[in-house]
Amino acid sequence: MLQNTGKLAGYTIFITGASRGIGKAIALKAARDGANVVIAAKTADPHPKLPGTIYTAAAEIEAAGGKALPCIVDVRDEKQINDAVEQAVEKFGGIDILVNNASAINLTGTLETPMKKIDLMLGINLRGTYLTSKLCIPHLLKSKNPHILNLSPPLNLNPIWFKNHTAYTMAKYGMSMCVLGMAEEFKGSIAVNALWPKTAIQTAAMDMLGGSGIDKQCRKVEIVADAAYAIFKQPTSFTGQFVIDEDILRKEGIRDFDVYAVEPGWLSLFICFCSALTSKHTSADVSVSVDILTFPSGATPAFKSGKTSTDSASTGPVSDMFNIIRGVLSPDIVKTTQGVYRFDLSGDHAGVWYIDLKNDAGSAGSGEPPVKADVIMTLDSSDFIKMFEGKLKPTMAFMSGKLKIKGDMGLAIKLEKMMAMMKSKL
């Protein structure tokens with residue numbers, strides 16, 4: 001883990017959503033340097049489902065060596081933010097760093113998302129970030145090394161990041177657009193950056209989204225806190241960056257990332273929303289934590305032509321599904337996909353199956369693929385059928401433990417295109 005250097009001693013850090021999770025972890029990291037932390041969050045009384053309040057967080061911050069100012073703040077409320085900013089300036093003499101961490105999430109499609117949820121996400125993620133920044137900037141401009149850090153993803157306009165949760169992506173990208181604009185607007189005066197985790201992070205929100213057992217496929221909040229700390233060490237010339245936590249920590253000399261794992265040695269980490277498409281590092285056994293599985297492309301195996309198996313295993317509903325799959329294969333799909341998939345199925349129709357979308361006009365059938373698979377998916381045969389019928393999202397299957405992935409990043413997005421074509425055939 002990244003060691004504290006004392007650089008933030010005496011600095012005042014204003015953090016939204018700091019009563020728990022990533023926000024609190026960043027607060028505690030700064031507190032170990034002797035920083036002053038403003039905990040701007042809504043939870044004043046214990047929540048029935050979520051741990052911590054602004055007051056319990058304040059106690060932890062002070063126990064860690066920092067000074068704390070707990071403030072009841074709904075970032076949609078301009079007066080509450082303004083009051084908290086004024087209290088911070090009065091108590092600590094100014095504000096040096098703003099962390100826009102508060103966020104709302106609802107991963108549903110356009111027809112399934114109530115306007116109340118849309119207003120909530122836009123109000124907290126986009127408007128709240130913009131408003132809190134606006135009210136803190138006059139004070140940040142007086143600091144010797146001011147920073148604004150938004151917990152938001154790299155901007156990627158691939159439609160795949162929008163189609164299943166347009167409202168959430170709009171709201172979260174709004175935070176990232178604040179980085180893009182404000183970094184340029186305040187260049188030379190304030191460093192404005194975004195930070196996003198490479199893997200899913202164990203928080204109360206992730207526990208609720210993923211259910212029991214999801215934690216062992218996540219990293220701890222400390223990796224994001226360490227990455228934020230590394231950013232705060234940078235001069236104001238380090239601005240307009242969309243930083244992935246693992247990437248900046250590698251630049252800081254960190255090599256052992258197992259220490260950040262909830263369950264050390266567990267390989268199947270969720271790769272987080274959009275970071276899979278921006279990170280230059282490749283790794284095995286990974287999956288995206290929001291709506292789609294993504295993997296970076298690997299080496300191209302030697303050319304061989306696939307053959308469809310017609311043995312006794314090729315009977316039943318899985319065989320029927322593969323007949324449909326073969327019906328949608330085409331040179332164009334092969335040309336745009338360039339991947340070989342193996343499916344290790346268990347349950348009532350156990351067996352090994354493959355889809356070759358790399359060679360000739362493509363092939364699919366039972367048995368081992370004709371060349372080494374780029375991606376191996378292990379799941380129950382009934383869940384396989386549901387996935388290709390469009391009734392089970394791969395991410396939800398993975399998060400619930402129904403689907404295990406081994407392979408390179410970049411190919412599962414393309415497999416989703418085939419699944420969409422399959423749905424039209426059923």
Side-chain angles (χ1 to χ4, degrees), residues 1-41 43 51-54 56-71 73 75 84 88 92 95-103 128-129 132-133 136 140 143 145-153 175 179 191-206 218-234 238 241-246 248-249 252 254 260 272:
M1 290 188 172
L2 192 66
Q3 298 301 307
N4 281 68
T5 63
K7 182 176 177 63
L8 299 183
Y11 276 57
T12 297
I13 305 179
F14 192 106
I15 309 177
T16 64
S19 61
R20 62 180 66 91
I22 290 172
K24 189 179 78 170
I26 294 173
L28 290 172
K29 183 71 176 179
R32 296 185 189 102
D33 268 6
N36 310 314
V37 181
V38 183
I39 309 157
T43 309
T53 68
I54 57 174
T56 58
E60 290 183 56
I61 288 165
E62 295 191 345
K67 295 179 181 179
L69 175 62
C71 298
V73 173
V75 295
F92 299 126
I95 298 173
D96 301 291
I97 297 170
L98 166 64
V99 179
N100 287 305
N101 168 71
S103 185
T129 293
T132 307
S133 300
C136 285
L140 291 167
S143 174
N145 191 40
H147 280 260
I148 294 176
L149 182 64
N150 294 353
L151 272 294
S152 61
M175 298 177 70
V179 170
V192 186
N193 297 291
L195 174 62
W196 197 244
K198 182 174 182 178
T199 73
I201 304 298
Q202 185 193 21
T203 62
M206 178 56 68
C218 300
R219 282 175 173 165
K220 302 172 186 175
V221 291
E222 283 76 15
I223 189 170
V224 184
D226 281 3
Y229 187 83
I231 292 171
F232 300 152
K233 289 164 48 179
Q234 305 299 320
F238 184 87
Q241 303 296 310
F242 292 87
V243 180
I244 301 300
D245 57 358
E246 183 176 314
I248 194 167
L249 291 177
E252 290 286 325
I254 302 299
Y260 293 113
C272 214

Checklist line | Considering all heavy atoms, the nearest I61-A68 contact | finding: CG2-CB, 3.9 Å
Next item on the list: Take I223 and I201, measure what side chain to side chain contact (heavy atoms under 4.5 Å, CB included) needs, and give me the verdict at the end.
Entry: CA-CA 9 Å; I223 189 170; I201 304 298; 3.7 Å; yes
Checklist line | Within 6.0 angstrom of K233 NZ, more than 12 heavy atoms from elsewhere | finding: yes
Notebook entry, point to check: Would you say the side-chain atoms of Q234 pair up with the backbone N or O of A230, donor to acceptor, closer than 3.5 Å?
Noted result: yes
Next item on the list: Look only at the side chain of D96 and the backbone of P146, and say whether a donor-acceptor pair between them is shorter than 3.5 Å.
Entry: no
Next item on the list: Quick one: closest heavy-atom pair of V73 and A84, and the distance?
Entry: CG2-CB, 3.6 Å
Check: So, do F232 and I26 sit near enough that their side-chain heavy atoms are less than 4.5 Å apart?
Finding: yes
Next item on the list: For the pair T16 (side chain) and A102 (backbone), establish whether a donor and an acceptor sit closer than 3.5 Å, ignoring hydrogens and angles.
Entry: yes
Next item on the list: Taking the side chain as every heavy atom from C-beta outward, state whether T53 and S19 have any pair of such atoms under 4.5 Å apart.
Entry: no
Note to self: Checking Y260 against D226 for the side chain to side chain contact (heavy atoms under 4.5 Å, CB included) test, could you report, in this order, the C-alpha distance in whole Å, the side-chain angles of both residues, the deciding distance, and whether it holds?
What the structure shows: CA-CA 10 Å; Y260 293 113; D226 281 3; 2.6 Å; yes
Checklist line | For the student: nearest non-hydrogen atoms of N101 and G17, plus distance | finding: ND2-O, 2.9 Å
Check: Would you find a donor on one side and an acceptor on the other, under 3.5 Å apart, between the side chain of N4 and the backbone of K29?
Finding: yes
Check: How many angstroms lie between OG1 in T199 and CD1 in I244, if you round to the nearest 0.5 Å?
Finding: 10.5 Å
Notebook entry, point to check: Hey, what do you get for CD1 (I15) to CD1 (I39), rounding to the nearest 0.5 Å?
Noted result: 8.0 Å
Next item on the list: To the nearest 0.5 Å, tell me how far L140 CG sits from S133 OG.
Entry: 8.5 Å
Item checked: From F14 atom CZ to L69 atom CG, the distance as rounded to the nearest 0.5 Å -> 8.5 Å
Next item on the list: Start with the C-alpha distance between T203 and R20, add both sets of side-chain angles, then the distance that settles side chain to side chain contact (heavy atoms under 4.5 Å, CB included), and finish with yes or no.
Entry: CA-CA 8 Å; T203 62; R20 62 180 66 91; over 6 Å; no
Next item on the list: Begin from the C-alpha positions of E246 and R219 and carry the test side chain to side chain contact (heavy atoms under 4.5 Å, CB included) through to its verdict.
Entry: CA-CA 11 Å; E246 183 176 314; R219 282 175 173 165; 2.9 Å; yes
Next item on the list: Could you pull out the closest heavy-atom pair between Q202 and C218, with the gap in Å?
Entry: N-CB, 3.6 Å
Notebook entry, point to check: Are the side chain of T132 and the backbone of G128 linked by a donor-acceptor contact shorter than 3.5 Å?
Noted result: yes
Check: Hey, what do you get for CG (N36) to CD1 (I97), rounding to the nearest 0.5 Å?
Finding: 11.0 Å
Item checked: Closest heavy-atom pair and its distance - C71, I54 -> C-CD1, 3.8 Å
Checklist line | Pairwise side-chain contact, I13 with L8, heavy-atom cut-off 4.5 Å (strictly under) | finding: yes
Checklist line | From N150 atom CG to W196 atom CH2, the distance as rounded to the nearest 0.5 Å | finding: 11.0 Å
Check: Does the side chain to side chain donor-acceptor pair (under 3.5 Å) test come out yes or no for Y229 and T5, once each step is laid out?
Finding: CA-CA 10 Å; Y229 187 83; T5 63; 3.0 Å; yes
Notebook entry, point to check: Closest approach of N193 and Q241, non-hydrogen atoms and distance?
Noted result: OD1-N, 2.8 Å
Next item on the list: Could you tell me whether the side chain of F92 reaches within less than 4.5 Å of the side chain of V38, counting heavy atoms only?
Entry: yes
